[in-house]
2 protein chains.
Amino acid sequence: MVTPEQFFRALSDTTRLNSLLLLEQEGRLCVCELVAALELSQPRISRHLSQLRDQGIVQDERRGQWVHYRLATDLPDWARQVLRAALEARDLGELSARLSCMTQRPSLDAAQ
Amino acid sequence: MVTPEQFFRALSDTTRLNSLLLLEQEGRLCVCELVAALELSQPRISRHLSQLRDQGIVQDERRGQWVHYRLATDLPDWARQVLRAALEARDLGELSARLSCMTQRPSLDAAQ
DNA sequence: TGTACATATATGGATATGCGGATATGGTTA
DNA sequence: TAACCATATCCGCATATCCATATATGTACA
């Protein structure tokens, strides 16, 4: 289980923080969606997601070529509360808009 | 105003996290009380508190020889919520007990 | 099977962070 | 004024962290 220190360290990086906030808000996203939303390189996003997965903060699910990420289902409630509080402090409008502009949304297409 | 990334970085260190949680719980503490509660060296505590003060997370108040610290009164609500959530994840029992064992409590003595 | 697409990983370099020990500074008191 | 107590600051060192770039790997499809 992730410790508070580890969790806060994860959130101290802008890339990881915004990724997690987007996941909190959207539920599930794949790498290319985060690349588009954050306008960062694919290897960079991929590495940060790897760290988050290794720490048990997010979990992945391969769907064909795409890998979908979401917050770990067993993330402690205090961690969820922290993310919701941080969401109040961060305006994701611009990032969400970039998601809306995508012509292909693998995470939505995959919704059963 | 402190950004979420700065705030989470501050909380990613065990010394700073425990200091802030104790301040959230106790209201106000001086350096020697934190030294006793955390069982760490005085220069180490002092340096971490300086960082927190410089980032606007805590504020200090000199009372004679002693310097009392408390959470900044203008800390954003989302930051307070984060601290309360983290308090749920951390058992401060042992640290609080060390405070209770102190023969001198400058922060209590100073309470008007 | 080879190509295309999506994602993961490696690496060297640059920067950031935290520490102990020593010492400086401020306030109090005899 | 000097000594004591509480706190702040400095410095060199060790470790941690993040990045761009290049490349490896997995899946899908013609």
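Just so it is clear, the structure is predicted and the values come from calculations on it, not from any experiment. Within every chain, numbering begins at 1; the chains are lettered A, B, ... in the order of the sequence lines, protein sequences first and strands thereafter.
- Judged by distance alone, with hydrogens and angles left aside, the side-chain atoms of B:Gln55 form no donor-acceptor pair with the main-chain N or O of B:Leu52 at under 3.5 Å.
- A donor-acceptor contact under 3.5 angstrom links the side chains of A:Glu33 and A:Ser107, judged on distance only.
- The number of heavy-atom neighbours closer than 6.0 Å to CE of A:Met102, taken from other residues, nucleotides and ligands shown, is above 12.
- For the pair B:Leu49 CG and D:dA6 P, the computed distance is 16 Å after rounding to whole Å.
- Contact check of residues 1-13 of chain A against DNA chain C (heavy atom, cut-off under 4.0 Å) returns no residues at all.
- Neither OP1 nor OP2 of C:dA6 sits under 4.0 Å from any side-chain N or O of A:Tyr69.
- Atom CH2 in B:Trp66 sits about 9 Å away from atom P in C:dT28, given to the nearest Å.
- For A:His68 and C:dT7, the NE2 to P distance is 8 Å, given to the nearest whole Å.
- Interface remark: the B:Gln42 side chain does form a donor-acceptor pair with the D:dA8 base, using a distance-only criterion of under 3.5 Å.
- Defined by atom type and a distance below 3.5 Å, a donor-acceptor pair is present between the side-chain atoms of A:Arg16 and A:His48.
- Not one side-chain nitrogen or oxygen of B:Arg44 sits closer than 4.0 Å to the OP1 or OP2 atom of C:dG21.
- Side-chain atoms of B:Arg47 come within donor-acceptor range of the base of C:dG20, with a qualifying N/O pair under 3.5 Å.
- Between C:dA8 and A:Ser46, a contact under 4.0 Å exists linking OP1 or OP2 to a side-chain N or O.
- In this structure, the CG atom of A:Leu40 is 17 Å from the C1' atom of C:dA6, given to the nearest Å.
- One interatomic measurement links the two molecules: CD1 of B:Ile45 to P of D:dA8, which rounds to 11 Å at whole-angstrom precision.
- Using a 4.0 Å heavy-atom criterion, one finds that B:Gln51 contacts the sugar-phosphate atoms exclusively.
- For B:Val31, the side-chain atoms get nearest to D:dT7 when compared with the rest of C:dT7, D:dT7, C:dA22.
- Nearer the 5' end of DNA chain D, as judged by each residue's closest nucleotide, is the contact made by B:Arg53, out of B:Arg53 and A:Ser41.
- In this entry the distance linking CD of B:Gln65 with C1' of D:dC4 reads 8 Å, nearest Å.
- Looking at B:Glu5 and A:Ser12, their side chains never bring a donor and an acceptor atom within 3.5 Å of each other.
- Classification of B:Glu26 and B:Arg28 as a salt-bridged pair fails, no side-chain N sitting under 4.0 Å from a carboxylate O.
- B:Gln59 and B:Arg53 share no donor-acceptor pair across their side chains, judged by distance under 3.5 Å alone.
- Within 4.0 Å of A:Ser50, counting heavy atoms only, lie sugar-phosphate atoms of the nucleic acid but no base atom.
- Between A:His48 atom NE2 and D:dT17 atom C1' the separation is 10 Å, expressed in whole Å.
- Applying the side-chain contact (heavy atoms from CB on, under 4.5 Å) test between A:Leu83 and each of A:Leu75, A:Ile57, A:Leu23 identifies A:Leu75 as the sole match.
- A:Glu33 comes within 4.0 angstrom of no nucleic acid atom, judged by non-hydrogen atoms across all strands.
- Taking atom CG of A:Leu38 as the reference point, atom P of C:dT7 lies 14 Å away to the nearest angstrom.
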